[in-house]
Each structure stands twice: as structure tokens, then as C-alpha cells.
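So that the names make sense, note that chain A is the first sequence line, chain B the second, and so on, each numbered from 1.
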Amino acid sequence: MQRTLRFKRELQLLTAEPPPGITCWQHEDKTDDLRAQIVGGSGSPYEGGIFTLEIIIPERYPFEPPKISFLTPIYHPNIDSAGRICLDILKLPPKGAWRPALNISTVLTSIQLLMSEPNPDDPLMADISSEFKYNRTVFVSNARKWTEQHAMAKLQATKADSKENAIPTGGTSQKRKGEDVSRGPKKSFK
Amino acid sequence: MSEISGRRASMLRQWPLLVPQDLHGRVYDGFLSLQDKDFRLRIILPSDLQLKNAKIQCSWPLKNALQGYEPILKQRLQQSSHLPSFMMELKTILEAALKNTNALQIPPAPQYYSCLVKDIEELGWDKLSFVDTDFSTIQLKVEDSSGREHLITLRFTARYPNEAPDCSVDLPVPFSISWTPKSSLCNIVNQVEATLESLKDFWDTLDEIDKKTWVLEPEKPTRSSTMRRIALGSNVSITIDLDPRHPTMLPECYFLGADHVVNPLREKLNCNIDLWDPENGLLQNLKDVLEIDFPLRSNLEKADFSMDCGICYSYRLESAIPDQVCDDPRCGQPFHQACLYEWLRGLPSSRQSFNVMYGECPYCNKPITLKLSTKRS
């Protein structure tokens, strides 16, 4: 009951007042599946990229946090290769810090902030994290390469290249559960 | 002994204002003169006359000036072999410290003020919108030919009008004034007005966008902002970034939103790109190229949220209303009993005693108690 009421209200708010650099919509009119896009923050290695996320609203929402993961590959200490995000507000207390006072909009804003300010002390990707800590220039250039390769495909399509459009904009919106095809080239960056 | 008396003599020669207060030369009291100012200080040496254990008592102005330099002073005390050499170090540090503080700056000469007042008079006092208490920062307002008001912020140095004031205007392009000692505020205003005029088309274009579309970002655009995120429909938006010098050219843009809505728009943009005509204005071009009408700001009533439950975001839950309120006056967030119970019961930090539940407010984390009515337990 709470879930339906709140979901409706949150959708209205996300439409009328989306957070800066973030958009969020219902996926195929389902009530438990949302999609969001976050624009990479300026000054970060994700600048110029558009990152798509999947938001699953659990049955017990808002008593449980939304399940959010990146669909667009991202090179980040706190986001793993399956797109899972290590962020305390995405977990229930006592381990996490989710509260019903938070909502989809504030959680997405926090993820946007996490992108700009990784937390290497609570890493999900140990090697990326130590790179971030001890070899910042290498980290920035790797993250930048990933952004260009995975998160900027859509932008290129805008540049009046109709061939680009013929290829389904797969990279960013396809689910990548279990499929490691798009992940192939990343090893070469190390 | 002769070495010590020799040092005392050199102290007296170099620092005549610092007078020994006892026979052994352990206490000195007096002044350190720098930049026409005298700073009172007292130096107390230990019985072995070792500087590293010395105490330095400073008067309030000296202490103020040396604020933040304490670690350097301590280090110098450790390193100096005798008092005269330390005094030289102290003087150098104080010189550096004074250079960095404005507190001790002398106010500008009277000519500064008379010149500034004369300049403002020439310009007209109605142009002045703000003056700070030092009369070192002023704001002038000017109107461009489309009736938009702009503010010029000027910061003066004491050497005005020989030195140009620092001038800032909220503009999307870099701007600097040219200045000679003969220039006056009128020159600045003229230079700014010329720049404003050159940006007239840019602001006309953006004003039209702001008025006739639903701009999601920035919430309160400044005059320097060249970016707009415009709603195209529910949860789809286009972000454009204008070139302030060529506002009606095709701006940099990208779409946000679901693929099935965005892809057709992107295709239209690619196909119709040739239709773009800089003579037509940006909004008309966007309409023509995307083949859409821009929606106006939806009048979603900004219903008063403060009455709604902080958990389910609504007022009525079945028939119940939010009757539980956080007791902390700074929070005061209302909740439905059922919603708050559902949240608190899942937390290890909550506990229940008969029909009262103790926990933390999900908004402010302050303790909150929930009395459970008998029908729900």
C-alpha cells in the first residue's frame, strides 16, 4: 500500500523536478523497474558520458532500499564489473544507512556524488581502488577511456552519423547480466 | 663572560628599544619597530640562557599579526644560537606576516574618497546599488537595450585612480577593462555596456527559451550560464549549450531519457539538420528540426508536503492520517502510525515495551516513541 502511494508520488516529483544531471523514467510502464541516466560530472573522468542505471523497487519499498545497479560499464573503485554499487545508503541498517527519509531522487544524487568522489577505503574493486589511491593519473586515464568507450556512444550518434543509428544503441542500454562480451577489451587497459 | 657581555652590547646596539630588565640579561622588555609601528614584547630566558627554552610574551597586536606563524617561530627559537640572531629572524617573520594581513593596512588617502565620490556623481547616484562599509567595493547597475538589469561589481585598491579597480560582471565571455589613470567609472560603464550590447542576441535567445519552454536546469540561471536542460515530455529532456557569440547556431546538445523516446528524436535531429537556419532563432529551429512543440512547465501543484507522511508520501493511508509527529521541534515530521511501525520494527535499534515502541526518527535520528493502538499490535 505504502509502496504504491509513494511510487506514484516519487514519479511525479522525478518528472517535475529531476535532480541536476539526472533523469529517471518507468521502464516499459512497469511499477517495479525504473531506468535512470546520470551525466558524468564535469571535472571527473566521467565527464561527457551518460551512464544508464537500473532501479528495481522491492516489494517492501520504502522500508527496503531500491536495488540500483549500473547498466553502463564504469571504471570506479566502488562499482564492480556487474554494475553493483557499494554505497551504505543502498543497504538496510545495521550494516547500511537506508532510511525511508531517502528516496530515488536523493539516492541517485548520492550515486552521482560517489562517481565524482570515489571512496577508496571501502572498495569493491581492489585493483581499481589501489590505482585510485596510489596512481591517480593511471586511474583517471583508464576511467576516461572506459567513459569514452561505453558511455559516450550515444553522443557520437548525435553527430549526424546515420550509420551510427542503425546499430542498436546496445552498449549502454542492454542488460549485461552474465554476458562478458563488452567487458573483453578492458583487460588491455591495465 | 666577555662573550655574554658582548652579546648584550650587540643587543643594545641593534635593538635599543628592547631593554634588559635584570643583571643577568634573562628578561628583556620593550618594543620591536616595524613599518612605523611598535610592537610590545617581553622575552624571558631560562637560567642557562638557552633560547630553545625561552618564553616570548607578545602584546595583543603582535600576537594577532603572528597568528599562524607559531610553528615557524618555535623552529627558529630552536635553531638560533643567541638572542640577536633570533631577533633578526623574528623581524623577518613579522615582516612576512604583516604583508599577508590586511588588518594593519592604513586607510586610503582622502583623495581616494573624493575622487570616487566625484566619479559616482558624474555617473549619477541612481546607478549605485551597493557600497560596502570600507567604500572599497561598490556595485553599479546598468540596463541593456532589452531592459535587462546587470550588476557591475568593482573592488578598488587604495591607489585608485592610478590603479585599475577589479571589475566583475556576470557574463558568459571573458571580460577585462582597459584602464589608464585618467579613466573614470564612466569609462568602465561604457565598456561594460558595449559588451552587454554584443551579447544582446545571446540573452534574447535564452530569455525566449526560459519563457516559452520548461527549463529543468539550472533552476535560477545566471546571466553567464550558457547551458539549459529543457523538458521535452515526461522524463525526456534535451540539454543544450550555447555559444554566446553565435546563439542561433546549432548548439552542442544531448538527450536524456528512455531509448524508445530519445532515439526517434535523435534521428529527426540528424535528418533535419540541414533545415537549421540561424536567421530563425534557436527555439524555432529546435522546434522545426525535432518536429515537436515544447511543453510548458506542468502545473503540478506543489502541494504542501509538510502534512504528508514522511514514509508513504501521502496524507490518507486507507483512512488513517499521519498522526505521529517527531517531537524534535526542528524536525516535526509527521508519519502514519502504520508506516512508522513498519519501519521501526525491522530495526535492531528499536525496542518495544508493551504497546510503546522506542526508536529513532527516520528523518532526524532523534529518539521517537510510538504508541500502538490496540487494534494493531
Side-chain angles (χ1 to χ4, degrees), chain A residues 1-28 34-39 42 48 50 52 60-64 92-94 98-103 152 154-155 157-162 164-166 168-170 172-174, chain B residues 214 216-219 229 231 233-237 239 250 252-263 266-267 269-271 273-274 297-300 302-303 305 308-318 333 335-336 338-340 342-343 345-349 360-365:
Chain A
M1 186 66 196
Q2 282 97 337
R3 183 181 183 277
T4 324
L5 286 169
R6 174 149 163 160
F7 186 72
K8 215 175 99 196
R9 186 74 204 195
E10 282 206 52
L11 273 183
Q12 282 175 345
L13 279 172
L14 283 164
T15 308
E17 294 162 16
I22 294 173
T23 192
C24 184
W25 68 92
Q26 258 177 300
H27 185 56
E28 291 164 359
L34 296 177
R35 287 296 136 89
Q37 281 175 335
I38 299 182
V39 178
S42 59
I50 296 177
T52 308
R60 268 178 47 77
Y61 186 78
F63 305 106
E64 274 175 21
L92 266 178
W98 166 257
R99 293 181 285 164
L102 301 166
N103 57 36
M152 285 165 74
K154 293 194 159 198
L155 291 187
T158 332
K159 301 277 181 214
D161 189 347
S162 47
E164 200 79 27
N165 276 339
T169 37
T172 45
S173 58
Q174 258 173 20
Chain B
W214 180 1
L216 296 167
E217 261 179 78
E219 202 179 355
R229 178 174 166 198
S234 50
N235 303 313
V236 179
S237 58
T239 303
L250 175 67
E252 291 215 18
C253 52
Y254 61 86
F255 295 95
L256 285 181
D259 283 342
H260 65 95
V261 194
V262 163
N263 283 342
R266 197 177 287 131
E267 263 160 44
L269 178 63
N270 289 339
C271 296
I273 205 88
D274 305 328
R297 184 172 291 276
S298 89
N299 290 319
L300 177 89
K302 275 203 177 173
F305 252 133
D308 292 346
C309 167
I311 293 177
C312 70
Y313 282 17
S314 46
Y315 188 70
R316 291 271 174 200
L317 180 70
E318 286 159 331
Q333 178 67 48
F335 303 100
H336 290 115
C339 294
L340 192 57
E342 189 63 22
W343 171 243
R345 79 185 178 97
L347 292 182
S349 58
E360 287 168 0
C361 168
Y363 275 69
C364 70
N365 285 341

What is the minimum heavy-atom distance between [X] and [Y], and which atoms define it?
X        : Y        : value
B:Glu360 : B:Asn365 : CG-O, 3.7 Å
B:Ser314 : B:His336 : O-CE1, 3.3 Å
A:Gly48  : A:Met152 : O-CG, 3.2 Å
A:Glu64  : A:Trp98  : C-NE1, 3.5 Å

Which atoms of [X] come close to chain A, meaning under 4.5 Å heavy atom to heavy atom: side chain ones, backbone ones, both, or neither?
X        : result
B:Glu342 : both
B:Ile311 : both
B:Pro362 : both

Checklist entry - So what's closer than 4.5 Å to chain B heavy atoms on A:Arg60: side chain, backbone, both or neither? => result side chain
Item to check | Cation-aromatic face contact A:Arg6/B:Tyr313, 6.0 Å, 45 degrees | outcome: yes
Checklist outcome for this item: Of A:Pro93, A:Pro19, A:Pro20, the largest count of non-hydrogen pairs under 4.5 angstrom with chain B goes to A:Pro20
Checklist entry - Under a 4.5 Å heavy-atom cutoff, which of A:Leu102, A:Val39, A:Leu92 has the most pairs with chain B? => result A:Val39
Item to check | Choice from B:Val261, B:Leu256, B:Thr239 maximising heavy atom contacts with chain A below 4.5 Å | outcome: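 The answer is B:Leu256.
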